[in-house]
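A short worksheet on the structure shown next.
Along the sequence shown, residues carry numbers from 1.
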Amino acid sequence: MLSKFFPYIKEKPLSERVKSRDAFIYLDRVMWSFGWTEPENKRWILPYKLWLAFVNIVMLILLPISMSIEYLHRFKTFSAGEFLSSLEIGVNMYGSSFKCAFTLIGFKKRQEAKVLLDQLDKRCLSDKERSTVHRYVAMGNFFDILYHIFYSTFVVMNFPYFLLERRHAWRMYFPYIDSDEQFYISSIAECFLMTEAIYMDLCTDVCPLISMLMARCHISLLKQRLRNLRSKPGRTEDEYLEELTECIRDHRLLLDYVDALRPVFSGTIFVQFLLIGTVLGLSMINLMFFSTFWTGVATCLFMFDVSMETFPFCYLCNMIIDDCQEMSNCLFQSDWTSADRRYKSTLVYFLHNLQQPITLTAGGVFPISMQTNLAMVKLAFSVVTVIKQFNLAERFQ
């Protein structure tokens, strides 16, 4: 059903030419709308840069400030539930501004990484290898659409309910607009701005996921090539050595690909690690003490979306670490015992490099893994425990 509207989420047949960079098609379109890429026609650079400045000043600077001003301007009108609902989103929005800034600054690095993907694609000659690339490209685009559905559902669940209740869903401050007298205008403006903010945040979350997904695609292809070393009889030792050398080049390209993306993702995941415990903690307090049924459903969706910002990416990083161990095993289990001295010495050098796992760190401090992600999530339970021990929730009710 979805493939009728989004054809790139379906695996293409081998008769069509597909590149690894095609996994970013839908993501790049959204980024283009925010001014985070470059126009194809160079004569549009100036208008495009002006659009970039306008959109990002409004969404990354003025929008978080507007929510802060609303706290100061009309704090007494907030109920406890409204305040927590607004605060959990406001905190996440400030973090999203930093994440968007890191992603925007890393545009050139992401372009360098795509060029490296093009070089890795040149090694995919067999139908089996090309089929693997097609499958991962479709998977990358599917993840992007899936995130759009998850994130959009949060807005769809919130906005109609609060509109019918004649209450503001996110409590933003708009100068020269009385939010009570001009309720529908301010509510529609809130919905539009929140949707744009969510899609910006989505770009910062999906970009690392798809990028490392394509890294894992080529790691899986390299594993298969390592298994097949010296498996074709009738070749000379020089041809076997050249085959091994090409695998070494592939591994070097993979390392260069990850190194190009490392500074881009380090900042975004670091910010998210710092926020996830606090944001989930505020959401859990709101859910346990102040939510109605409908706002509780919306809060659960928000908590799910916040978890999706780090969990899939951390899980993928763990899988890549395991893949690196499998690569060294594949090389060691290949038919190298009858090789000449040159081949064996090259293999030993390559085996040593393969045993170094491909890892990412958040801000150069936290290793990006499921263990770190779970440790940060546990902070949410600590926040709830403190609230319950001091009976703070009862005081605010």
Side-chain angles (χ1 to χ4, degrees), residues 11 14 17-23 112-137 139-140 210-262 315-361 367-369:
E11 183 178 341
L14 294 177
R17 181 175 176 81
V18 174
K19 296 181 179 180
S20 294
R21 62 167 60 220
D22 292 339
E112 292 175 12
K114 289 180 181 179
V115 173
L116 293 170
L117 281 179
D118 292 338
Q119 296 181 39
L120 287 166
D121 284 342
K122 294 177 181 179
R123 286 274 285 147
C124 301
L125 303 177
S126 68
D127 288 346
K128 185 177 180 180
E129 290 180 334
R130 291 177 56 220
S131 178
T132 300
V133 173
H134 287 211
R135 184 172 67 255
Y136 273 87
V137 166
M139 196 185 306
I210 298 179
S211 298
M212 295 309 290
L213 182 70
M214 296 316 299
R216 188 163 191 262
C217 168
H218 288 282
I219 288 174
S220 64
L221 293 174
L222 180 56
K223 284 195 297 184
Q224 189 60 42
R225 292 175 194 140
L226 294 173
R227 290 192 190 99
N228 295 334
L229 286 174
R230 299 180 64 84
S231 62
K232 299 177 182 177
R235 290 191 172 188
T236 64
E237 288 297 328
D238 288 339
E239 289 174 331
Y240 286 139
L241 181 61
E242 178 60 27
E243 191 178 22
L244 176 61
T245 304
E246 288 178 351
C247 289
I248 295 174
R249 293 194 189 102
D250 293 340
H251 184 249
R252 183 67 261 172
L253 285 173
L254 278 168
L255 294 179
D256 291 342
Y257 174 76
V258 175
D259 287 342
L261 296 171
R262 200 182 301 274
Y315 182 72
L316 184 59
C317 287
N318 272 40
M319 294 178 71
I320 288 177
I321 292 173
D322 294 337
D323 286 338
C324 291
Q325 181 61 45
E326 290 181 19
M327 278 198 298
S328 61
N329 293 338
C330 291
L331 178 60
F332 184 74
Q333 293 169 5
S334 64
D335 185 18
W336 56 269
T337 53
S338 59
D340 61 12
R341 184 177 179 181
R342 287 186 308 160
Y343 188 95
K344 289 181 178 178
S345 60
T346 305
L347 183 140
V348 170
Y349 169 78
F350 187 27
L351 184 62
H352 174 73
N353 288 334
L354 285 178
Q355 289 173 338
Q356 310 301 317
I358 297 175
T359 58
L360 296 173
T361 58
I368 300 178
S369 63

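The shortest side-chain heavy-atom distance between Tyr343 and Leu229 falls under the 4.5 Å cut-off. Counting heavy atoms from C-beta on, the side chains of Asp335 and Ser231 never come closer than 4.5 Å. Using a 4.5 Å heavy-atom cutoff, the side chains of Glu11 and Ser131 are in contact. At a threshold of 4.5 Å between non-hydrogen side-chain atoms, the residues Leu116 and Gln119 count as touching. At least one side-chain heavy atom of Leu226 sits less than 4.5 Å from a side-chain heavy atom of Leu354. Put simply, the side chain of Ile358 reaches to within 4.5 Å of the side chain of Ile219, judged on heavy atoms. For the pair Cys247 and Arg123, the minimum side-chain heavy-atom distance is below 4.5 Å.
For Lys128, the NZ atom is loosely surrounded, since the number of other residues' heavy atoms within 6.0 Å does not exceed 12.
Checking Leu244, Leu347, Val348 one by one against Trp336, the side chain to side chain contact (heavy atoms under 4.5 Å, CB included) holds for a single residue, Leu347. Under the side chain to side chain contact (heavy atoms under 4.5 Å, CB included) test applied with Leu120, the options His218, Lys19, Arg249, Met214 reduce to a single match, His218.
Within the structure, the ring-ring contact (aromatic ring centres under 6.0 Å, His included) test picks out the following pairs touching residues 242-261 (sequence neighbours left out): His251-Phe350.
In summary, Glu237 and Arg230 engage in a salt bridge, as defined by a charged side-chain N under 4.0 Å from a carboxylate O. Ion pairing of Arg225 with Glu129 is present here, as a side-chain N (NZ or NE/NH1/NH2) and a carboxylate O approach within less than 4.0 Å.
For Asp256, the side-chain hydrogen bond (donor to acceptor under 3.5 Å, both in side chains) test picks out Arg252, with sequence neighbours left out.
To the nearest 0.5 Å, the span separating CG on Leu331 from NE2 on His352 amounts to 13.5 Å. In this structure, the separation between CD on Glu243 and OG on Ser334 is 9.5 Å, given to the nearest 0.5 Å. Remark: Ile248 CD1 to Asn353 CG distance equals 8.0 Å, nearest 0.5 Å.
Although no hydrogens or angles enter the test, the distance criterion places a donor-acceptor pair under 3.5 Å between the side chain of Arg262 and the main chain of Thr359.
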